[in-house]
Amino acid sequence: MPYLSWMEGSQPFRHAVVEDPCVLGRDSLASAVAQPALGTVSPAHAALTLLGGVWHVRDLESANGTMLNGVPVDPSQAHPLKNGDELVLGSWRMSYTEGFPGLDGVTFAERVGDLFDEIRLHPERGDWCFADLQQLYLATERLLAEVDSGDLERALLEESLRLTASDRGFLVLRHEPGGWRAVHHVGADAAGTVPPPSVLDYVAREHTAVLSNQPSADPRFERADPLEAGPGPFLCAPLRVEGHGVCALYLEREPGGRPFSRLELATLQAFSRRGALVIHQARLQRRAIDQAEQQGELLRLRSQVQRAEECRGELFAAMAASFRRIQSCVQELPEAAGGVIRFQLERLFTLLDQGPCDDPGGVAGGHPFALAALQEELAGRWAPLLALRQVEWRVAPPPDGAAWWPEGPLLQALDGLVEPLIMQVPRGAEVALQWEREPGYHVLRISLPAVGRSPADGWSQRVLREAGLRWRWTDRALEVLLPEGPEDMPEEPARPLLGLVSEDLGLVSLFQTVAEAGDLTLHPLEAEPPAPPQPMYRFLVIDAKGDQEPEGTIRAYRRHPSFATTPILVVRCSDEDTQRLMEAGATDWLADGFRWETLHQRLRVLRGHTELRQRALAAERLESFRQMAGTLKHEINNPLAVISMQVEMLQRKYPEEAKLAKIGEMVDRIQGLVQVLQRMRETPTEGYADGSSILKLG
């Protein structure tokens, strides 16, 4: 970071140039650095701007001009600045330095050159420098020999202490703005303490290694928090590792001990750079190993699935043989019972042929099925069961026309939808079948008296849904909607979306596999949420390791209307960041190194939590409806009682008046409706497997 420094009397002043542009002048409101008392300085005299990574000075057409190293500055162009340049604005004289000004390079130093550049400054100490390089080489070899990241970081700290002959040291990590945490420490009195935050903040901000042999008098930290009493000489170097935040090495000697030299600072700087490269390489190697383990786990799962498929085929073959023997034994049974058993065996054979994991969907073929032939087929299939249950069967004449009948075991799936309902019909009751018409559909209506809603088995529902057949419940009747032609087939519903914010291709591949296993569609997203409107996402996953600001990303998505209630899972999240990410709006998190099974299970748990929350909301709405029904009943009963009493009195006085009798009938009808409201309030709810609930009023 560049600095401007100047003297006012005997008092030195400094300004860190962080503004771009940095305006210099007399007006304190228009200038970042101002001298209101100097009349020779214009209100906006000159400006420093960063162009192509180099700071330049430009005169702003001031009254007295600007001098750079004694040469007037042309206002029409910008002039590059170098370390140690002198600027004169009117009578205001200042110096430009690329680092902190006024350091003597011995007691206080920073921004040292490369280690070999420092060695060239001391040619008379060649033997000592050779030994120092040998120690640096051995220390680097030790780092390369470590495998575990924790051991590698500790070895980095220990070798730094040995190279610089320090008494104690710390490897620290910035876990939040303004906060530091000691990851490793070595030396006496190091446990439970943290190096001065002002030093660590300076090193992180300036991106430079620093040396201070008199910390209490160091001008770089005089405006920061005061250092501890009587600190000894110290070295501090930044350690930047990709994806690991900002780290620093802090080494210290006892107060009164031998001061550090520039060569030792250059050695620490060189070693910290090599250490950062080794840690980064170790992390890349660990990531490659994790990806290899994931690939191996995927191969293991595929092999396991293949063995399960083979076992399933053998099991189905054995079951089919048993069913055929049963089929041969039911020929002598009475017609009704034998017909039902043969019918069920036929359905079992169909299920064995399909298999529980086969996908009947995606078949584009189909054919028209005459409604009369379809009704005859269904009546023949259900007649034995109806006869066994002693249920009457009333069938209306079928209309002319045909429905579009896709390929697949749809008759058996329709059996799975209707048979559970027939089993609930009381003996002696009547089941009616009739046809209705809707635009684009023939509606098969099956009236089932005194039968509650009963969900079909999963296989039947899936086959019907994927074949394009829909069904619904209306007033104790099941209605099946059959399309008239292929153009009337409903569109296949889109699979739920799984959003992923990550730049790691290996992670994207892993989530693609998880999405397919969960019947989801993976949709990569950027750190910046897309513009609304957006389709609803079932889950949103944010990779904390591949995002510089995961907290900001979470908050941005939470503010997006399409993600306000979407469960957000943060993966590869460190323990230190968990709390603030959850406070930002994350629903759950996974640390680095998670496996396929863990991720799949965590998404299933999040889906369960979402469904429970939706059910709780539905129950709350239903309870509010019941309370409203009770309130309406009470509010209607009060005026209705007054009206009823007055009508009764008028009827006694005018018994021949017919209109009064009609009013009395209307009052009785309203009282009947009020009783319905009362039943709404008192009747308990009945839940179903799909999470819905109803009030059974009759």
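The nearest pair of heavy atoms linking A544 to C573 is CB-CA, 4.2 Å. Nearest heavy atom pair, residue P530 against residue H560, reads O-NE2, 2.6 Å. Nearest heavy-atom pair, W589 versus M582, reported as atom, atom and distance to 0.1 Å: CD1-SD, 4.1 Å. Closest approach of V391 to P426, counting heavy atoms only: CG2-O, 3.9 Å. Among all heavy-atom pairs drawn from L410 and A467, the shortest one is CD2-CB, 3.4 Å. When all heavy atoms of G499 and L525 are compared, the pair lying nearest together is CA-CD1, 4.0 Å.
Residues W405 and P368 are not in side-chain contact: their nearest non-hydrogen atoms beyond the backbone lie 4.5 Å or more apart. Looking at heavy atoms from C-beta onward, W435 lies in side-chain contact with L482 at the 4.5 angstrom threshold. Contact annotation: the side chain of W382 never approaches that of V431 to less than 4.5 Å [non-hydrogen atoms, C-beta and beyond]. Contact annotation: the side chain of Y557 never approaches that of T566 to less than 4.5 Å [non-hydrogen atoms, C-beta and beyond]. Using a 4.5 Å heavy-atom threshold, the side chains of I663 and L650 count as separate. Looking at heavy atoms from C-beta onward, V418 lies out of side-chain contact with L378 at the 4.5 angstrom threshold. Counting heavy atoms from C-beta on, the side chains of L374 and L411 come closer than 4.5 Å. Annotation: side chain of D400 is not in contact with side chain of L371 (no heavy-atom distance under 4.5 Å).
Under the 3.5 Å distance criterion, the side-chain polar atoms of Q375 are matched with a main-chain donor or acceptor of A396. Side-chain N or O atoms of R572 include none that pairs as donor or acceptor with a backbone N or O of K545 at under 3.5 Å.
The line from CZ of R472 to CD of E479 is 4.5 Å long, rounded to the nearest 0.5 Å. Atoms CG and CG, from L500 and L569 in turn, are 10.0 Å apart once rounded to the nearest 0.5 Å. Between the CD atom of Q412 and the CD atom of E419 there is a distance of 10.0 Å, given to the nearest 0.5 Å. The structure places CG of L469 at 9.5 Å from OH of Y441, a figure rounded to the nearest 0.5 Å. Rounding to the nearest 0.5 Å places CZ of R558 at 3.5 Å from CD1 of I568. Interatomic distance, CG of L481 versus CZ of R445, reported as 12.0 Å (0.5 Å rounding).
For M666, the CE atom is densely surrounded, since the number of other residues' heavy atoms within 6.0 Å is greater than 12. Annotation: E392, atom CD; neighbour count of heavy atoms from other residues, nucleotides and ligands within 6.0 Å does not exceed 12. Few gaps surround CD on E430; more than 12 heavy atoms of other groups in view lie less than 6.0 Å from it. Residue-environment remark: CZ (R394) stays at or below the threshold of 12 foreign heavy atoms within 6.0 Å.
Checked for salt-bridge contact, R470 and E438 miss the test: no charged N lies under 4.0 Å from a carboxylate O.
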| L421 and I446: side chain to side chain contact (heavy atoms under 4.5 Å, CB included), yes or no, with the steps? | CA-CA 10 Å; L421 303 175; I446 306 173; over 6 Å; no
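Note: Y537 and H523 have parallel aromatic rings, judged against thresholds of 30 and 60 degrees for the angle between ring planes.
Checking each of I554, T553, I542 against L581 for a side-chain contact (heavy atoms from CB on, under 4.5 Å) leaves exactly one that passes, namely I554.
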